[in-house]
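Structure record follows, encoded as structure tokens.
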Amino acid sequence: MWNLEPGTELIISGSAWRIRSCLPHLGRVTLVDDDGETWKTSLSELIHRRDCRPSTRTRTDLPAADRGRQPKAMDDLEEYERTIVTLRMEHLREVDTGFRSGDRLDALPHEPRPQYDPDTTTLTQRRLAKAGELRKAAAEAPAQAKANGLHQVSLRTLVRWDTARAKYGPVGVADDRWLREATGHTISPEVREALFAVYAESSDRRSKLTMRDKERLIHQYVREVFDSAGAEPAGGEATDADPADAPQVEIPGYDTLRAIWKEWFGSSGARQRYARSAAKAKQYATGRHIVVHRPGQVVALDSTVLPVKVLDNVFGDPVSVYLTLAVDVYTRSIVAFRLSLVSDSSVDVAMVLRDMMMPLPMRPDWGKDVEWAYPGVPHTVVAEFAGYEVAGLPFFPPETVTTDHGSVYRNHHLVEVQRVIKANIKPSRVLRPTDKHSVERTFGAIRSLLFALLLGYQGTDVADRGVDPEADACLTVTEMEHLIATWVVETWQNRRFGSYAPSWDPRGDHSPNSLFAAAMYQGGFALRIPPAELYYQLLPRHKVIIHGKRGVKIKNLWYDGAALDPYRGELSHRGGRNKNKYVIHRDPRDPCFVFFQDPRTHEWHTLRWTGLPEEGEVPAFSDARVREAMRELRKRGLAPKADTELLPVLLELIGGNIPVEKWPTQLSKRQRTEHAREVAQAAAAASDRPANSVKREPPTQPAAVPAARAGTPDGKVVPLRPKDRAQQVHDAVNSERRRRREAAVPDQLPTPPDLSERLRASSLLALPDDDFDDDDTTITASEAEEEASQ
């Protein structure tokens, strides 16, 4: 966003320039840098320069507290600060709707109060009533009101809070002083010298010291070096007003020294603590039925074990997979689904929410009858926005997502995900099966219409199970995923409703597709396709310090890249709970890469694990495999200083030193299942990752069936055969050994020629080389006719 007002800062070729004056009618602008040098140029030349961009420190679309820094979030606040934000949000919701919860169905017995009834009062009247109520409460209990930050609330304060809440969410009502820029501490040069002297002493010579011991050494250094030199008064004798033993240099207290030490030299190795799990969502206080009247208003989400045994993609062993389903309550459309070999995690749920917001791509074996054919929006327009041919399946941003009470839906990551996608994730009420009956009924319909007809079906009860469903399994995980996707688009979306017809036409013939088309006729359709950057925003966040030489450390692994160069050894200047730390996003399914958003340009960059070899790729592994490798290193008495020393142990644990012919037989069923799960998770992460996020060599193996949603795997496709999986491990081992040999011997001698070539070169009986290429023996028809005529 360009703002050509005087004082606006621009970044040109990496340098900061400020606009001194701008004459739009003449097309001239004058810039000045930090040294006072002026530069006069034209507006056309300035705007069309590729190396010129607006600085984030003076952008008008960002709040003043976020300019030049990464955006603030709720997890930056302390516990008591989040409590105050929650209380302020309740007051704003009561002013807006008349209810503290913001929902008429979750009303308290006395709500709405007369002065906050939206049917009889205006918004300004409700704001004035709320301001008077808070002033009265502050007069009765001033200490409590001041502790909650509600002792000086006026009409203007309520308007400002409401505007910030609509623009930035709950964090908008937080006080900017809580998250102000971290400017550090001001200390004297003598104390600074003492800090560096004690740091050098404790890190180079002495054993590990506590912060209390370092504080005593700082006092000793200041007393012996500075106080002893300045203790002698000017008259040569000590007086009562100026005693000789009084300290001449003021030393900060223990807490300040500890904070300065942590900012300058890092922590003592303590692991960063994550925020507490999200509190349980409020349950509905009434049993009234909610009328859903548009697509996306309520989406039911749940996961269950697939009742069909399938074969994993690596060893071909029969395994059980988990099916995660998202059903739109209004149209009964299956808007997204996922198959995973492990129980779904918060990342899988976040990717399912992302899937329902993106159009479904066409697959090679799908015909024209399943293309996008909804009225109002031509399929060419949707394909142009999406970048690929789109199948006939609804997609929309969800408003409310109903889940069960599983821990995967009630953690801090999902709370951040619902803030990013601007949705409301609510758990269903206890002992209220009607809150999530649509997705449960869909599971039963898929079981009776599709799964019961497949080989490997286990039935609904152990007593109804076949003789050996594991031996009957014949479909791999990829084939099952493709089968379900095809069945959903071709069968389920066109299946006629029975008793689930809409209330406005209970006797009509309707299907999920026809209901979605009718909703488009009634209310229109917002063609909003999320950008590729949404993938990074939905990943878990890690707050770390950027090391000057090694990059960032996350989950015992170091990651580095060229994007960290401008910020090495610098603090992020973010305030709050995670002061001076940078935010790194990481996909737990693929620990080889993490993702960093540049605070200045807000562009996303991929950071590689420093243990990855330059040539080839490491086979898929998980966090559990990394922890196992670290235990093995400690057992051997090793303490690797770089992640490249961790790679051989990791490859050995993956299965690198087992012969290819014996690889499937030497591993137990549990180990084979673990390898298959790691491969499936890495493939899912590569499928979700945007195509331009990681630049690698093109895959050498044929790609598998496309995933359920957009996203092209840009890494090496893992084969479906165990020998190829083992061969991939051996290739990685050989590549790592070759890299170490080349690094040990940088100047290698040229390879001598073969003995046969040397003998042939020195032999007198050797025939001379022909002038033409022996391999090119084909001639064209015209050349043959010309030779025949000659």
Side-chain angles (χ1 to χ4, degrees), residues 70 73 75-76 262 266-275 345-348 350-351 411-414 416-417 533 535-572 574 577-599 603-613 617-618 620-631 633-634 639-647 649-650 653 678 681-682 684-686 688-689 693-694 715:
Q70 291 178 319
D75 54 1
D76 292 328
K262 188 175 182 180
S267 61
S268 59
R271 204 171 184 179
Q272 181 183 354
R273 299 177 59 185
Y274 291 100
S345 60
S346 60
V347 176
D348 297 323
M351 293 300 112
N411 54 60
H412 64 283
H413 179 215
L414 258 297
E416 179 68 16
V417 167
E533 290 77 10
Y535 165 76
Y536 307 113
Q537 299 174 7
L538 297 182
L539 296 180
R541 296 151 47 100
H542 298 265
K543 291 84 175 179
V544 296
I545 296 293
I546 298 179
H547 193 271
K549 296 181 180 180
R550 304 186 65 180
V552 295
K553 185 177 182 181
I554 302 176
K555 295 286 187 179
N556 293 325
L557 298 180
W558 285 91
Y559 301 88
D560 201 357
L564 300 180
D565 293 342
Y567 309 100
R568 296 184 187 275
E570 295 185 3
L571 302 178
S572 65
R574 299 176 76 244
R577 182 178 181 180
N578 304 296
K579 182 184 298 183
N580 290 323
K581 293 185 179 181
Y582 291 89
V583 178
I584 304 294
H585 295 254
R586 174 180 178 271
D587 195 336
R589 300 171 298 176
D590 189 3
C592 293
F593 306 97
V594 295
F595 308 99
F596 169 69
Q597 186 181 21
D598 196 303
E603 296 180 357
W604 290 91
H605 303 275
T606 300
L607 308 180
R608 289 168 50 92
W609 174 39
T610 57
L612 285 180
E617 296 184 1
V618 176
F621 61 95
S622 61
D623 291 342
R625 195 71 61 186
V626 174
R627 291 191 294 267
E628 186 179 354
M630 297 302 295
R631 287 196 299 268
L633 287 174
R634 288 192 293 267
K641 299 180 180 180
D643 283 6
T644 52
E645 301 182 16
L646 176 64
L647 181 61
V649 179
L650 184 62
L653 292 174
E678 292 171 353
Q681 287 182 319
D688 295 328
R689 192 180 304 128
S693 63
V694 183

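Predicted model, so just to flag it, every value in this text is computed and none were measured. The residues of the chain are indexed from 1 along the displayed sequence. Side chains included, hydrogens not; waters and symmetry mates left out as well; all remaining heavy atoms used.
Atoms CG and CE, from Asp587 and Met351 in turn, are 6.5 Å apart once rounded to the nearest 0.5 Å. In this structure, CZ in Phe595 is found 5.5 Å from OH in Tyr536, a value given to the nearest 0.5 Å. Note that CD1 of Ile584 is 10.0 Å distant from CD of Gln597, once rounded to the nearest 0.5 Å. Here the straight-line distance linking atom CH2 of Trp558 with atom CH2 of Trp609 works out to 14.0 Å at 0.5 Å rounding. Here Gln537 contributes atom CD and His585 contributes atom NE2; the two are 7.5 Å apart, rounded to the nearest 0.5 Å. The distance from the CZ atom of Arg568 to the NZ atom of Lys549 is 11.5 Å, given to the nearest 0.5 Å.
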- Which is it for Leu564 and His547 under the side chain to side chain contact (heavy atoms under 4.5 Å, CB included) test, yes or no, and what are the steps along the way? CA-CA 9 Å; Leu564 300 180; His547 193 271; over 6 Å; no
- For Arg574 and Val583, run side chain to side chain contact (heavy atoms under 4.5 Å, CB included): C-alpha distance rounded to whole Å, both residues' side-chain angles, the deciding distance at 0.1 Å, then the answer. CA-CA 10 Å; Arg574 299 176 76 244; Val583 178; 3.6 Å; yes
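In this structure, the side chains of Phe596 and Tyr559 stay at 4.5 Å or more apart for every pair of heavy atoms. Contact annotation: the side chain of His605 approaches that of Asp598 to within less than 4.5 Å [non-hydrogen atoms, C-beta and beyond]. Side-chain contact check for Tyr582 versus Glu570: some heavy-atom pair is nearer than 4.5 Å. Looking only at side-chain heavy atoms (C-beta outward), Arg586 and Lys555 come within less than 4.5 Å of each other. Side-chain contact between Val417 and Ser346: absent, with no pair of heavy atoms (C-beta onward) separated by less than 4.5 Å. Residues Pro588 and Pro540 have side chains in contact (heavy-atom distance under 4.5 Å, counting atoms from C-beta outward).
The shortest heavy-atom contact between Ala563 and Pro566 is O-CD, 3.4 Å.
Checking each of Val544, Thr606, Ile554, Leu539 against Val594 for a side-chain contact (heavy atoms from CB on, under 4.5 Å) leaves exactly one that passes, namely Ile554. Applying the side chain to side chain donor-acceptor pair (under 3.5 Å) test between Asp75 and each of His412, Arg577, Lys543 identifies Lys543 as the sole match.
The backbone N or O of Asp560 lies less than 3.5 Å from no partner atom in the side chain of Thr610, so there is not a single donor-acceptor pair. Side-chain atoms of His413 come within 3.5 Å of backbone N or O of Leu538 as a donor-acceptor pair.
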